[in-house]
Student: 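Following this message is one structure expressed as structure tokens.
In this chain, numbering begins with 1 at the start of the sequence shown. These figures come from a predicted structure and were not determined experimentally.
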Amino acid sequence: KAVVSTQSTGDKKQVRVWCDGCYDIMHFGHANQLRQAKAMGDYLIVGVHTDEEVRRNKGPPVLTEQERYKMVRSVKWVDEVVEGSPYVTELETMDNNGAEFCVHGDDITLSADAQTLIRL
């Protein structure tokens, strides 16, 4: 795990990790991604996209966003779920959620405008 120290006191600070996704038809690959993301820090924040965002960027979801929120909340490695997170992760999203790191799998997809999903 990464350790971040505060300069003023030298005390260890909780490392907050961000990851996001559709998590439609939750499966082992999703759970494994969340397990590995949690191992990279102390507190895992998971953004779940709305039905509208999924439809616009990937196609119609099978499960509703409310069902997907509940499924992700049930995963033992998840500390917090951000409902309706943006499909594209920007620094503002991470800053607003106090996350130091953004974790994604090796299957990065593109948004509807053919851009990468992580933008700095």
Student: Just jot down the side chain to side chain donor-acceptor pair (under 3.5 Å) partners of Asp79, sequence neighbours excluded, or say none.
Tutor: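 For Asp79, the residues satisfying side chain to side chain donor-acceptor pair (under 3.5 Å) (neighbours in sequence not counted) are Lys38.
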Student: For Glu52, does the CD atom sit with more than 12 other heavy atoms under 6.0 Å from it, leaving out its own atoms?
Tutor: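 Atom CD in Glu52 is not crowded, with 12 or fewer foreign heavy atoms closer than 6.0 Å.
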Student: Would you mind reporting whether Glu53 and Lys58 have side-chain heavy atoms less than 4.5 Å apart?
Tutor: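 Heavy-atom side-chain distance check fails, nothing below 4.5 Å.
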Student: Within the structure provided, determine whether Val48 and Asp20 are in side-chain contact (heavy-atom separation under 4.5 Å).
Tutor: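 Side chain of Val48 against side chain of Asp20, heavy atoms only: no contact under 4.5 Å found.
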Student: Could you work out, with side chain to side chain contact (heavy atoms under 4.5 Å, CB included) as the rule, every residue matching Asn96, not counting sequence neighbours?
Tutor: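 Here the qualifying residues are Glu92.
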Student: Considering all heavy atoms of both residues, which atom of Ala37 and which atom of Cys19 are nearest to each other, and what is their separation?
Tutor: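 That closest heavy-atom pairing would be CB-SG, 4.2 Å.
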Student: Are Val15 and Met94 connected in a single hydrophobic cluster, I mean Ile/Leu/Val/Met/Phe/Trp/Tyr linked by side-chain heavy atoms less than 4.5 Å apart?
Tutor: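 No, it is not one cluster - the side chains of Met94 and Val15 are not joined through contacts under 4.5 Å.
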Student: Does Asp24 reach the main-chain N or O of Val62 with its side chain, forming a donor-acceptor pair under 3.5 Å?
Tutor: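 Yes, Asp24 side chain to Val62 backbone: donor-acceptor pair under 3.5 Å.
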Student: Given side-chain contact (heavy atoms from CB on, under 4.5 Å), test Tyr87 with Cys22 step by step and report yes or no.
Tutor: CA-CA 9 Å; Tyr87 198 78; Cys22 301; 4.0 Å; yes
Student: Give a yes or no answer on whether the side chain of His49 reaches the backbone of Val54 with a donor-acceptor pair at less than 3.5 Å.
Tutor: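 Not confirmed, His49 side chain does not pair with Val54 backbone.
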Student: Would you compute the distance between atom SG of Cys102 and atom CD1 of Ile45 and round it to the nearest 0.5 angstrom?
Tutor: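 Atom-to-atom, Cys102:SG and Ile45:CD1 are 10.5 Å apart.
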Student: With sequence neighbours excluded, give me every salt bridge (Lys or Arg N to Asp or Glu O under 4.0 Å) pair touching residues 62-72.
Tutor: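 Residue pairs with at least one partner in residues 62-72: Asp51-Arg68.
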Student: Partners of Arg73 by side chain to side chain donor-acceptor pair (under 3.5 Å), sequence neighbours excluded?
Tutor: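 Only Glu83 meet the side chain to side chain donor-acceptor pair (under 3.5 Å) criterion with Arg73.
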Student: Quick one: do Met71 and Leu63 satisfy side-chain contact (heavy atoms from CB on, under 4.5 Å)? Show the steps, please.
Tutor: CA-CA 10 Å; Met71 282 194 302; Leu63 300 172; 3.2 Å; yes
Student: According to the ring-ring contact (aromatic ring centres under 6.0 Å, His included) rule, which pairs have a member within residues 16-41, sequence neighbours left out?
Tutor: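 Those involving residues 16-41 are Tyr23-His30, His27-His30.
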Student: Could you please spell out the steps behind the side-chain contact (heavy atoms from CB on, under 4.5 Å) verdict for Val46 and Leu34?
Tutor: CA-CA 8 Å; Val46 181; Leu34 296 170; 3.7 Å; yes
Student: Rounded to the nearest 0.5 Å, how far does OG of Ser74 lie from OH of Tyr69?
Tutor: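 OG of Ser74 is found 15.0 Å from OH of Tyr69.
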Student: Using side-chain heavy atoms (C-beta onward) and a distance below 4.5 Å, is Tyr43 in contact with Val17?
Tutor: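 Side-chain contact under 4.5 Å: no.
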Student: Mind checking side chain to side chain donor-acceptor pair (under 3.5 Å) for Thr50 and listing every partner two or more places apart, or none if nothing turns up?
Tutor: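 Partners of Thr50 under the side chain to side chain donor-acceptor pair (under 3.5 Å) test: none.
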Student: Counting distance only, does the side-chain N/O of Arg16 pair as donor-acceptor with the main-chain N or O of Glu100 below 3.5 Å?
Tutor: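 Not at all, since once roles are kept as given, no pair shorter than 3.5 Å links the two residues.
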Student: Same cluster for Val88 and Val82 if Ile/Leu/Val/Met/Phe/Trp/Tyr side chains link at under 4.5 Å?
Tutor: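 Not linked; separate clusters.
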